[in-house]
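Working notes, beginning with the structure itself.
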Amino acid sequence: DTTAPTITVLGDNPAAVELNDVYVDAGATAVDTLDGALTGDIITDESAVDTSTEGTYTVTYDVMDSSGNAAATATRDVVVADTINPSIDTTTLVIDPATRVDQNDTVNFTVDVTDANGIANVTLTINGTTIEMDNGGSGDTYSASFDTTGLALGTYTYTITATDSYGNEETITGTIIITIVSPITV
């Protein structure tokens, strides 16, 4: 017998796995013209797959029949990537003063932002002006202050954008109303 067995890779090739998830290989089958099914004899090497680092990794499959004929090595590429956007928790969004802001005042924004692989930055944009929101060096709560001096009366859209360390983005928008707050008369 001089005919080598054949290996068929099962599942997706390339296979995708989320950064920091567990990689579970879909396996392969092997058949030989004389020995029949050799799937149980396949040697699978997935040791190169590192799900803690983005990249493309190769899994190899090898098998030999009882006559010593080795199959051509079969391979699967495994692509490890962070594809999940950060999360902006709108239930924690605080705008102070609320949505009606005095024309010459400062409005403060606070919101919780999370991502399993780290936040690169969070920004607040109003009327074409973008400012970095700060978390004080740690934690999930980001805040920024915006000076409304010079803005005309009216409704303005704000956008909060969170970007994780792999470039994935999540955005929320809302409105604030710039008005003249009437003084309280006694």
Side-chain angles (χ1 to χ4, degrees), residues 11-26 45-59 75-183:
D12 294 338
N13 193 6
V17 63
E18 187 65 29
L19 185 68
N20 294 318
D21 275 0
V22 174
Y23 172 69
V24 178
D25 190 68
D45 183 1
E46 58 186 70
S47 62
V49 178
D50 178 5
T51 62
S52 69
T53 305
E54 280 195 319
T56 301
Y57 303 93
T58 302
V59 175
T75 62
R76 177 193 324 272
D77 286 336
V78 177
V79 179
V80 176
D82 177 0
T83 62
I84 299 173
N85 291 343
S87 174
I88 301 174
D89 185 354
T90 57
T91 65
T92 66
L93 177 62
V94 176
I95 303 171
D96 181 33
T99 55
R100 297 183 75 77
V101 181
D102 188 57
Q103 189 175 23
N104 295 305
D105 202 356
T106 299
V107 59
N108 299 301
F109 291 80
T110 304
V111 68
D112 287 354
V113 180
T114 57
D115 186 81
N117 297 308
I119 297 294
N121 70 330
V122 180
T123 59
L124 168 67
T125 304
I126 300 176
N127 196 38
T129 300
T130 300
I131 56 175
E132 291 283 329
M133 296 185 76
D134 183 29
N135 71 345
S138 66
D140 298 333
T141 302
Y142 288 78
S143 59
S145 297
F146 185 83
D147 184 355
T148 63
T149 302
L151 293 180
L153 301 179
T155 302
Y156 292 87
T157 299
Y158 67 82
T159 303
I160 296 174
T161 303
T163 306
D164 71 15
S165 53
Y166 291 94
N168 301 305
E169 285 188 355
E170 180 70 21
T171 300
I172 64 168
T173 60
T175 58
I176 59 171
I177 299 170
I178 306 298
T179 187
I180 297 174
V181 178
S182 301

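The minimum heavy-atom distance linking A26 with G11 is given by the pair CB-CA, 4.1 Å. Nearest heavy atoms, A15 versus Y23: CB-CE1, 4.4 Å. In this structure, D45 and S47 approach most closely via the heavy-atom pair OD1-OG, 2.6 Å. Shortest non-hydrogen contact noted between P97 and V107 is O-CG2, 3.9 Å. In this structure, D147 and D105 approach most closely via the heavy-atom pair OD1-O, 3.3 Å. Looking at every heavy atom in both residues, Q103 comes nearest to I178 through CA-CG2, 3.5 Å.
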Legend entry - Worked check of side-chain contact (heavy atoms from CB on, under 4.5 Å) between I88 and V111: CA-CA 7 Å; I88 301 174; V111 68; 3.7 Å; yes
Legend entry - Test side-chain contact (heavy atoms from CB on, under 4.5 Å) applied to T51 and N20, step by step: CA-CA 5 Å; T51 62; N20 294 318; 5.5 Å; no
Inset, instruction - Report the C-alpha separation of L93 and I160 in whole Å, then their side-chain angles, then the decisive distance to 0.1 Å, and conclude whether the side-chain contact (heavy atoms from CB on, under 4.5 Å) test is met. - result: CA-CA 10 Å; L93 177 62; I160 296 174; 3.9 Å; yes
Inset, instruction - Determine, stepwise, if the pair Y166 / D115 fulfils side-chain contact (heavy atoms from CB on, under 4.5 Å). - result: CA-CA 10 Å; Y166 291 94; D115 186 81; 5.9 Å; no
Inset, instruction - Kindly indicate, with the supporting measurements, whether the criterion side chain to side chain donor-acceptor pair (under 3.5 Å) is fulfilled by S87 and E170. - result: CA-CA 7 Å; S87 174; E170 180 70 21; over 6 Å; no
Inset, instruction - Go through the steps for N127 and T129 under the test side chain to side chain donor-acceptor pair (under 3.5 Å), then give the verdict. - result: CA-CA 6 Å; N127 196 38; T129 300; 5.8 Å; no
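Between P86 and N168, the closest side-chain pair of non-hydrogen atoms falls below 4.5 Å. N135 places none of its side-chain heavy atoms less than 4.5 Å from the side chain of I119. Side chains of I95 and Y158 form a contact here, defined as non-hydrogen atoms less than 4.5 Å apart. Proximity of N117 to D164: side-chain heavy atoms (C-beta onward) are nowhere separated by under 4.5 Å. By the 4.5 Å heavy-atom criterion applied to side chains, P14 and T56 are not counted as neighbours. Looking only at side-chain heavy atoms (C-beta outward), M133 and V113 stay at 4.5 Å or farther from each other. You'll find the side chain of Y142 stays beyond 4.5 Å of the side chain of L124, heavy atoms only. When side chains are defined from C-beta on, F109 counts as touching I176, because their heavy atoms get closer than 4.5 Å.
A distance of 9.0 Å separates CD1 in I172 from OG1 in T161, rounded to the nearest 0.5 Å. F146 contributes atom CZ, which lies 6.5 Å from atom CD1 of I131 (distance to the nearest 0.5 angstrom). Between atom CG of residue N121 and atom CG of residue D134 there is a gap of 11.5 Å, rounded to the nearest 0.5 Å.
Side-chain atoms of T92 come within 3.5 Å of backbone N or O of D89 as a donor-acceptor pair. Side-chain N or O atoms of T148 include one that pairs as donor or acceptor with a backbone N or O of D102 at under 3.5 Å. Judged purely by atom type and a 3.5 angstrom limit, T110 has no side-chain atom pairing as donor or acceptor with the backbone of S143. Looking only at distances, a side-chain donor or acceptor of E54 sits under 3.5 Å from a matching main-chain atom of D82.
For the side-chain hydrogen bond (donor to acceptor under 3.5 Å, both in side chains) with R76, the lone residue among N13, D25, T58 that qualifies is D25.
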